[in-house]
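Working notes for the structure below.
Every chain is numbered from 1 and lettered A, B, ... according to where its sequence line falls, protein lines coming before strand lines.
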Amino acid sequence: MKKRKIERYAPSAIEAMWRDEWARTRAHETPDVSDKPNFYFLTMFPYPSGDIHVGHWYAFAPADCAARYLRMRGHNVLFPMGFDAFGINAENAAIDRKIHPAAWTEKNMAHMRDQFHRMGAAIDWRREVVTCYPEYYRWNQWMFLRLYEKGLAYRGEAPVNWCPRDETVLANEQVIAGRCERCDTPVVKRLMTQWFFKITAYADELLRFDGLDWPERVRVMQTNWIGRSEGAELAFPIEGRPGEEIRFFTTRPDTIYGATFVVLAPEHPLVAKITAPARRADVERYVERARNMTEIERTAAEREKTGVDTGAFARNVFTGERVPVWVADYVLATYGTGAIMAVPAHDERDFAFAQKYGLEIREVISPDGKEHAALDAAYVGEGVMVRSGPFAGTRSEEGKGAVAEEARRRGVGAPAVTYRLRDWLISRQRYWGTPIPIVYCDACGQVPVPYDQLPIVLPRDVEFTGRGGSPLAHVASFVNTTCPRCGKPAKRDTDTMDTFVDSSWYMYRYLDPKIDTAFMNKAVGRRWLPVAQYTGGIEHAILHLLYMRFVCKALRDLGELWFDEPALRLQNQGTIIFGGRKMSKSRGNVQTPDEYVAKYGADTLRLFMMFLGPWTEGADWDASGIEGVHRFLNRVWTLGLSEPGDGPRDRAIDHAVHHTVEKVTEDLAAYRFNTAIAAMMELSNALQHASGPSRREGVRALTLLLAPFAPYLSEELWHRWGQAGSIHAQAWPTFDPALAAPEEVTLVVQVDGKVRDRLTVPAGLSKPAASDAALASPRAKAALDGRDVDRVVVVPDRLVNIVTRRRS
RNA sequence: GCGGGAGUGGCGGAACGGUAGACGCGUAAGCUUCAGGAGCUUAUGUCCGCAAGGACGUGAGGGUUCAAAUCCCUCCUUCCGCACCA
């Protein structure tokens with residue numbers, strides 16, 4: 001092969017040049033109508049924290065590669081990007097550094113857009129969505145009002161999660177192990193009046209994932225989060241208080257004859273009403289103490305149970321007995337009705353509580369059908385009902401329904417279903433979010449702001465002190481308004497919406513972010529929706545992905561959408577760990593990609609992010625291997641610019657090329673970027689030792705395969721070869737199955753499962769021929785010495801295993 | 001505690017029940033270069049052996065099978081989710 005001085009691979013110059021060229025030719029703009037089928041490829045948009053860090057690259061570079069691949073496969077791919085731009089970090093920056101959240105956010109977005117450009121991401125920026133702009137959040141307000149009209153947005157008092165550090169309430173989903181999702185501060189419960197979205201109305205539908213290609217893991221997590229339980233809701237009357245009753249939910253109505261006491265959560269409204277005067281001081285002290293505990297303290301699993309007797313009694317309507325009513329914080333105010341019937345014989349928690357306080361433990365479910373005097377531990381399994389009046393002798397499985405029906409007949413209960421899922425608390429006592437479009441009027445009460453007065457714009461001049469309450473409450477010009485109904489002075493709601501509201505519908509806004517007559521351009525939406533592929537971090541398995549599904553279904557029922565699920569296919573990438581923790585600005589362990597981009601080029605870093613391992617697994621960040629992929633790109637560069645030389649067609653090389661096309665195609669379709677890159681590396685190694693037409697075609701195919709991974713390098717080579725147009729507009733290479741199959745294979749010869757020889761034989765050798773070849777192997781013969789052949793197992797094109805027995 | 005992943009060379013990781021360790025990092029030797037860097041070639045699981053070759057080897061132990069990293073059982077470690085949900 002002729003040696004010729006080849007220009008060095010200089011990524012920075014190449015990448016800058018093509019970046020400009022692609023901008024000039026609007027290469028990344030996607031039309032809504034084309035002769036190709038539309039494909040909406042969505043990836044979760046970032047919070048504008050200031051930098052596209054290595055963790056972001058891990059999410060976006062492979063997603064961009066997948067979107068580019070689908071383009072080459074003949075799809076008209078929409079790959080938009082935007083910013084989830086409201087949120088508490090901007091506000092904290094304002095408090096700490098006296099920068100207005102809007103200015104801080106704008107500065108960060110400008111930098112991050114530039115970083116996206118340098119990455120080479122094929123984003124259609126005409127469609128950018130920024131959630132903190134009034135043009136966007138007015139549609140949050142519109143959606144709120146539509147949900148309000150339907151009864152799906154309501155204001156109510158409930159024990160809510162309060163983060164003392166962020167000084168705001170949090171949704172259940174934002175409390176991780178009793179701590180604030182954002183700042184890790186232990187959360188406390190507070191009774192507050194707040195706005196909720198009625199996600200529980202969709203609990204059953206959210207449990208169905210029909211037609212969705214979503215990871216099992218996410219479906220399981222959402223299913224568990226929703227937590228559907230079947231049982232009965234029953235009520236015991238309160239002694240001496242006609243008309244008052246304690247309602248509770250149970251999954252074990254069959255154990256009702258063992259309900260020897262009742263327990264209320266400390267927050268239960270009946271506690272104050274029914275407590276006997278003599279017990280009042282103790283009960284109040286207990287309730288007060290529970291109120292001041294963090295959720296972590298209250299729910300510590302190993303903690304000894306505590307409680308106090310209210311001195312009041314309820315009547316077990318099945319046994320007819322009076323049973324004491326206790327207050328204990330092991331009963332959760334937020335689940336079921338906030339009260340339980342305690343069946344100590346058949347519930348571990350009730351058992352521990354009854355033992356500690358000397359309450360009666362009465363067996364009513366017997367595993368063997370016999371009555372036992374005392375129990376060492378709660379028996380929670382199924383069995384036969386005993387000491388259960390007319391139900392004695394009934395199997396517990398049947399007893400559940402029978403007792404519930406009997407309760408219905410007597411008017412003291414009914415079969416019921418309860419969910420762990422709570423309604424979505426959307427009020428936040430923060431500034432940097434969407435104002436809630438409600439006005440409070442002394443005369444008219446709670447009044448929705450009319451649609452034609454939207455958006456309610458966030459006032460710019462606000463004092464950021466970081467101290468108590470909603471910042472908007474201190475802005476007189478914002479708070480004071482007139483009632484839309486009666487025109488008298490009134491006050492605005494001063495809370496803002498949870499930012500997960502913003503991200504629950506942004507995929508619709510991308511289609512036409514400028515439209516000002518609707519939240520979405522439906523004509524465009526009909527061409528793209530629902531999303532064909534969604535990618536993003538597994539950390540959003542519950543939060544964002546559940547809200548997004550709920551909002552889709554709610555908008556559907558409002559007549560605004562025509563499909564049941566927002567995204568048909570979901571692919572989660574794993575997490576990039578650095579210093580033992582997820583990489584994020586707020587954790588202060590961010591690694592910047594910029595130095596690697598400067599030193600090796602964006603193509604190298606893109607490839608490296610994808611080469612770290614399986615995308616779904618995440619990785620510990622360690623850049624020490626980046627040289628390897630850089631060397632590979634250097635080799636491709638050299639291959640691309642060197643003369644292939646003369647020579648005959650090389651069947652082995654042709655096979656390698658077609659096999660690699662097949663392998664990379666399969667891997668990309670399944671998001672196996674790491675093995676696709678390994679296959680391309682193998683091909684480049686093989687091509688270096690080839691010449692002639694096989695090499696020429698191989699280099700061309702390799703460069704096309706590489707195009708979605710390394711868009712700059714491949715475009716430059718394409719251009720230098722004098723090819724017309726962009727490589728990214730070319731069709732994905734195809735393979736000939738006949739050539740992709742090998743001509744010769746290595747046949748492993750085993751004797752009793754141990755490898756004794758390797759034979760190179762033509763592919764497709766028949767079983768008898770393979771068997772004969774193996775038996776003729778001198779090494780196999782040597783291993784067979786002194787033994788008889790029992791049988792021969794042949795796996796065509798793979799191996800021959802000669803099974804022996806001792807010569808008799 | 002419950003549910004779900006995952007344990008493979010010095011490292012990241014490959015392996016339809018059929019050649020364990022592809023590809024890459026690192027390391028070593030050699031070539032090339034004025035030099036720095038880079039590039040190229042070869043070797044590189046462990047042990048025994050001068051070699052040919054052999055034995056062992058996928059967290060531990062058992063099982064199924066002609067054949068197990070892969071399937072089954074028990075256990076250990078680790079990651080993730082849920083965590084007093086009645």
If we call it a pair only when both distances are under 3.5 Å in a Watson-Crick or G-U wobble match, what pairs with [N]?
N      : value
B:rC16 : none
B:rA22 : none
B:rU78 : B:rG5
B:rU46 : B:rA55
B:rA67 : none
B:rU41 : B:rA29
B:rG36 : none

From [options], pick the nucleotide closest to the side chain of [X]?
X      : options                : result
A:T675 : B:rU19, B:rA55, B:rA14 : B:rA14
A:N674 : B:rG13, B:rG24, B:rC66 : B:rG13
A:R420 : B:rA83, B:rG24, B:rA22 : B:rA83
A:W225 : B:rC40, B:rA83, B:rG18 : B:rA83
A:P614 : B:rC66, B:rG13, B:rA20 : B:rG13
A:R217 : B:rC40, B:rC80, B:rU19 : B:rC80
A:R8   : B:rG24, B:rG18, B:rA38 : B:rA38

- Item | Anti or syn - B:rG9, cut at 90° from 0 |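 Judged by the O4'-C1' to base torsion, B:rG9 sits in syn, the angle falling within 90° of 0.
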
Sticking with atom [atom1], work out how far [N] lies from [M], rounded to a whole angstrom.
N      : M      : atom1 : answer
B:rA68 : B:rU8  : C1'   : 14 Å
B:rA28 : B:rA38 : P     : 14 Å
B:rC73 : B:rG21 : P     : 29 Å
B:rG57 : B:rC25 : P     : 30 Å

With a cut-off of 3.5 Å and sequence neighbours excluded, list every side-chain donor-acceptor pair involving residues 762-772 of chain A.
from: A:S766; atom 1: OG; to: A:A769; atom 2: N; distance (Å): 3.2

- Pair A:D254 + A:R252: basic N to acidic O under 4.0 Å: yes

Rounded distance (Å) that lies between atom [atom2] of [N] and atom [atom1] of [X]:
X      : N      : atom1 : atom2 : value
A:K754 : B:rG54 : NZ    : P     : 11 Å
A:L612 : B:rA14 : CG    : P     : 11 Å
A:M680 : B:rA14 : CE    : C1'   : 15 Å
A:F248 : B:rC84 : CZ    : P     : 21 Å
A:Y600 : B:rA38 : OH    : C1'   : 12 Å
A:F353 : B:rA86 : CZ    : P     : 19 Å
A:L421 : B:rG81 : CG    : C1'   : 16 Å

- Select from A:G753 and A:T418 the residue whose nearest nucleotide in RNA chain B is closer to the 5' end of that strand.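 This one resolves to A:G753.
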
- Nearest atoms (heavy-atom pairs only) where A:A676 meets A:F709: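 Shortest heavy-atom separation between A:A676 and A:F709 comes out as CB-CZ, 4.0 Å.
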
- Tell me yes or no: between the side chains of A:E744 and A:T760, is some donor less than 3.5 Å from an acceptor? no

- Query: Just checking, is any N or O donor in the side chain of A:R695 or A:Q688 under 3.5 Å from an acceptor N or O on the other one?
  - Reply: no

- Query: Heavy atoms under 4.0 Å, any strand shown: does A:V748 hit a base, just sugar-phosphate, or nothing?
  - Reply: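 Base contact.
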
- Do A:F673 and A:F611 have their ring centres less than 6.0 Å from each other?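 No: the rings miss the under 6.0 Å criterion.
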
